[in-house]
Number of protein chains: 2
Amino acid sequence: MSSPVVLINVFSVPQGSEEQFIKVWTEALELMKNEPGFIDAKLHRSIDKDARFQFINVAHWESAEAWKNAFSKPQLKAVGSQALFEQNPALYKVEVET
Amino acid sequence: MSSPVVLINVFSVPQGSEEQFIKVWTEALELMKNEPGFIDAKLHRSIDKDARFQFINVAHWESAEAWKNAFSKPQLKAVGSQALFEQNPALYKVEVET
């Protein structure tokens, strides 16, 4: 029985490349949105330009398999292997919430 | 005019210290919950134990000032200066969402 997962991707983007990063990420979002099992995504941008991680995506997928299937496809795989920025994608579950 | 912000804290916790981390974080949550301007918090735990960041807190505060005031208080400041784990707290706004 698969259950929803949270995909959080923590990005470190060189200063000056922020707009280019947003462009690449938004293009990837257009592809992700059409993938089976995609629920929603929110790209967060740090208020402080000097933050360690300037962008963090918090997205919800119906299952880990749905996310893995989507990112095994060539187009999204290419986004995943971008050298423009450091990324740390991983799947999460909520442990504690208020 | 202040507006809501997203506090995202990205934690790297040594393997074997996960339960202790959850205990410390949950105690801090009990303090945070009573602070003016606190809205909600979700502590996410990575499904893969080898993820770069095993825990990520995504919380909402009514303003940046409210968050800074809360974490300038001794008790929460102490949590912030824990040596048990690496943390990267920063304030964010949503840039793109679906």
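A note on names: the letters A, B, ... follow the listed sequences, proteins ahead of strands, and every chain is numbered from 1.
One hydrophobic cluster, built from ILVMFWY side chains closer than 4.5 Å, cannot hold both A/V6 and A/L91; they sit in different ones. Residues A/F71 and A/V24 fall within the same hydrophobic cluster, defined by Ile, Leu, Val, Met, Phe, Trp and Tyr side chains chained together at heavy-atom separations under 4.5 Å. Hydrophobic clustering, with ILVMFWY side chains joined whenever heavy atoms are under 4.5 angstrom apart, groups A/L29 together with A/V5. Linking ILVMFWY residues whenever their side-chain heavy atoms come closer than 4.5 Å, directly or via other members, leaves A/W25 and B/V58 in distinct clusters. A/M32 and A/F11 fall within a single hydrophobic cluster, where Ile, Leu, Val, Met, Phe, Trp and Tyr are joined by side-chain heavy atoms under 4.5 Å apart, directly or via other members.
The two residues B/Y92 and A/Q54 come nearest to each other via the heavy atoms CE2-O, 3.9 Å.
Considering only heavy-atom pairs separated by less than 4.5 Å from chain B, the leading option among A/A64, A/S46, A/A51, A/A90 is A/S46. Between chain A and the residues B/I22, B/I39, B/I56, the largest count of heavy-atom pairs under 4.5 Å involves B/I56. In terms of heavy-atom pairs under 4.5 Å with chain A, the best-connected choice from B/N57, B/V10, B/D48 is B/V10.
With hydrogens and angles ignored, the 3.5 Å screen pairs a side-chain donor or acceptor of A/T98 with a backbone N or O of B/A41.
For chain A, the nearby part of B/K33 is the side chain; its heavy atoms alone come within less than 4.5 Å. Only the side chain of B/R52 comes within less than 4.5 Å of a heavy atom of chain A; its backbone N, CA, C and O stay farther away. Contacts of A/I47 with chain B are made by both backbone and side-chain atoms, with heavy-atom separations under 4.5 Å.
In this structure, A/K42 NZ and B/K93 NZ are separated by 13.0 Å, a value rounded to the nearest 0.5 Å. With values rounded to the nearest 0.5 angstrom, B/S12 atom OG is found 10.0 Å from A/N88 atom CG.
Remark: aromatic rings of B/F53 and A/F53 are close, center separation under 6.0 Å.
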Using the side-chain contact (heavy atoms from CB on, under 4.5 Å) rule, take B/E97 and A/L43 through it: C-alpha gap first, then chi angles, then the decisive distance, then the call. CA-CA 6 Å; B/E97 64 181 294; A/L43 182 67; over 6 Å; no
